[in-house]
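See below for the structure under consideration.
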Amino acid sequence: MSLQGKNVLVTGGASGIGAAVCDRFAQAGAHVIIADVESERAQNVIDRIEQAGGQAEFQHINLADEESIAARGQELCTRLTGLSVLVNNAGIVRRKAIADTDHEDWDGQIAINLRAPALMAKALIPLMQQSSGAIVNISSEGAFHPRSDHWVYDATKAGICALTRAMAVEFSPLGIRANTIAPGWIVTEMHFGHASDPQARKAELESLVHENCIMRRLGRPDVIAAAVFFLASDDASYITGTTLHVDGGQGIH
């Protein structure tokens with residue numbers, strides 16, 4: 001799919017899966033908008049894309065702040081002439097047992113993981129209508145296989161799947177499709193960025209055998225980016241309201 005001159009916005013695009021998604025769409029000729037709060041990391045992604053001949057820009061958006069989302073959405077709707085793809089990728093996780101969870105754990109994860117994708121869609125629908133755009137939301141296998149100490153995160157990711165189905169129903173008359181990706185265990189900066197030797201830790205994680213994955217390995221951000229690209233492409237023009245599991249078979253167990 002050629003996206004030459006088309007606009008694509010990726011939340012949390014400054015690192016991890018989001019950065020890989022930005023790279024993938026830029027390679028197809030899209031003008032990539034990185035919506036994040038990490039300006040330095042976003043600039044690294046922009047530099048990489050531009051060195052490869054692509055186009056990208058950074059937009060500072062505080063996804064926990066409804067006013068920030070609305071203001072940035074209004075600015076983009078004034079400046080751009082359409083939005084072909086919205087990828088709601090940003091998310092945070094706070095690991096705590098149920099007994100230890102307080103309102104801050106709830107509020108932060110719900111705001112960014114679940115509320116922000118809905119507010120981003122609300123703010124950008126006028127742009128997406130102009131392009132018959134596609135929305136791809138990022139969930140998690142945790143939504144289907146809950147884990148101890150991840151209960152708020154997993155609940156928000158289950159909510160994303162329900163939100164996507166609601167988006168598909170409401171936005172279909174506008175020519176807009178909405179789908180979800182549920183990644184399995186993907187090695188990102190979240191897992192190795194704070195290690196004493198990040199690159200060594202990354203290599204170590206990528207070599208691990210995942211006991212619940214029938215393909216016996218952990219995933220990398222580029223495999224999720226490929227799936228996002230497919231769901232946003234014309235090849236998926238008859239797919240909406242679905243969740244695609246990209247987990248190496250983890251969901252079978």
Side-chain angles (χ1 to χ4, degrees), residues 1-14 16-36 45 49 52 54-57 59 61 63 73 76-77 80-91 116-140 157 160-161 163-184 186 219-247:
M1 179 178 67
S2 174
L3 285 169
Q4 199 68 42
K6 303 294 185 180
N7 297 310
V8 173
L9 188 147
V10 182
T11 68
I17 290 172
V21 170
C22 290
D23 287 336
R24 184 61 184 260
F25 279 99
Q27 290 166 10
H31 171 249
V32 176
I33 302 163
I34 302 172
D36 211 306
V45 177
I49 287 173
Q55 297 181 344
E57 68 173 84
Q59 289 290 323
I61 300 181
L63 294 172
L76 290 171
C77 286
L80 302 181
T81 57
L83 183 67
S84 295
V85 183
L86 167 62
V87 182
N88 285 308
N89 161 77
L119 293 177
M120 288 296 295
K122 175 184 176 181
L124 296 172
I125 281 301
L127 274 179
M128 302 201 74
Q129 282 183 261
Q130 299 175 34
S131 305
S132 297
I135 299 171
V136 182
N137 298 319
I138 305 300
S139 178
S140 168
K157 290 304 184 177
I160 281 290
C161 297
L163 175 64
T164 299
R165 293 191 292 271
M167 286 181 175
V169 171
E170 184 164 335
F171 299 155
S172 183
L174 306 178
I176 299 169
R177 297 182 298 107
N179 290 291
T180 304
I181 298 287
I186 308 298
R220 302 185 183 191
D222 61 325
V223 302
I224 306 302
V228 171
F229 189 83
F230 164 68
L231 285 179
S233 76
D234 293 339
D235 286 342
S237 63
Y238 201 53
I239 302 175
T240 193
T242 195
T243 296
L244 176 62
H245 297 258
V246 186
D247 60 3

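- The minimum heavy-atom distance linking S140 with K157 is given by the pair CB-CG, 3.8 Å.
- Residues A227 and V246 share a closest heavy-atom pair of CB-CG2, 3.6 Å.
- Using a 4.5 Å heavy-atom threshold, the side chains of F230 and I239 count as touching.
- Across all non-hydrogen atoms, the minimal contact from P183 to I138 is CG-CG2, 3.9 Å.
- D36 places a side-chain N or O within 3.5 Å of a backbone atom of A14 that can act as its donor or acceptor partner.
- No donor-acceptor pair under 3.5 Å is formed between the side chain of S84 and the backbone N or O of G133.
- For N7 (side chain) and G82 (main-chain N/O), a donor-acceptor pair under 3.5 Å exists by modelled atom type.
- The backbone N or O of V228 lies less than 3.5 Å from no partner atom in the side chain of R24, so there is not a single donor-acceptor pair.
- The distance from the CZ atom of F25 to the CD1 atom of I33 is 12.5 Å, given to the nearest 0.5 Å.
- Checked against I125 for a side-chain contact (heavy atoms from CB on, under 4.5 Å), the options L83, L174, L86 give a single hit: L174.
- V45 approaches G13 most closely through the heavy-atom pair CG2-O, 3.9 Å.
- Here the side chain of S139 pairs no donor or acceptor atom with the backbone of I160 at under 3.5 angstrom.
- Listed for the N89 side chain is a donor-acceptor partner under 3.5 Å among the backbone atoms of T11.
- A pairwise comparison of heavy atoms in T240 and R177 identifies OG1-CA, 3.5 Å as the closest pair.
- By the 4.5 Å heavy-atom criterion applied to side chains, D23 and I49 are counted as neighbours.
- When all heavy atoms of I34 and C22 are compared, the pair lying nearest together is CG1-SG, 3.8 Å.
- Side-chain N or O atoms of N179 include one that pairs as donor or acceptor with a backbone N or O of T242 at under 3.5 Å.
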Q130/L80 under side-chain contact (heavy atoms from CB on, under 4.5 Å): CA gap, chis, key distance, verdict: CA-CA 10 Å; Q130 299 175 34; L80 302 181; over 6 Å; no
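- Put simply, the residue from V85, N88, V87, L76 that forms a side-chain contact (heavy atoms from CB on, under 4.5 Å) with L9 is L76.
- Here the straight-line distance linking atom CG of D247 with atom CD1 of I181 works out to 10.5 Å at 0.5 Å rounding.
- Residue E57 qualifies as enclosed at atom CD: its count of foreign heavy atoms under 6.0 Å is above 12.
- Side-chain contact between L63 and M120 is present, with heavy atoms from C-beta onward closer than 4.5 Å.
- Side chains of I176 and Q129 form a contact here, defined as non-hydrogen atoms less than 4.5 Å apart.
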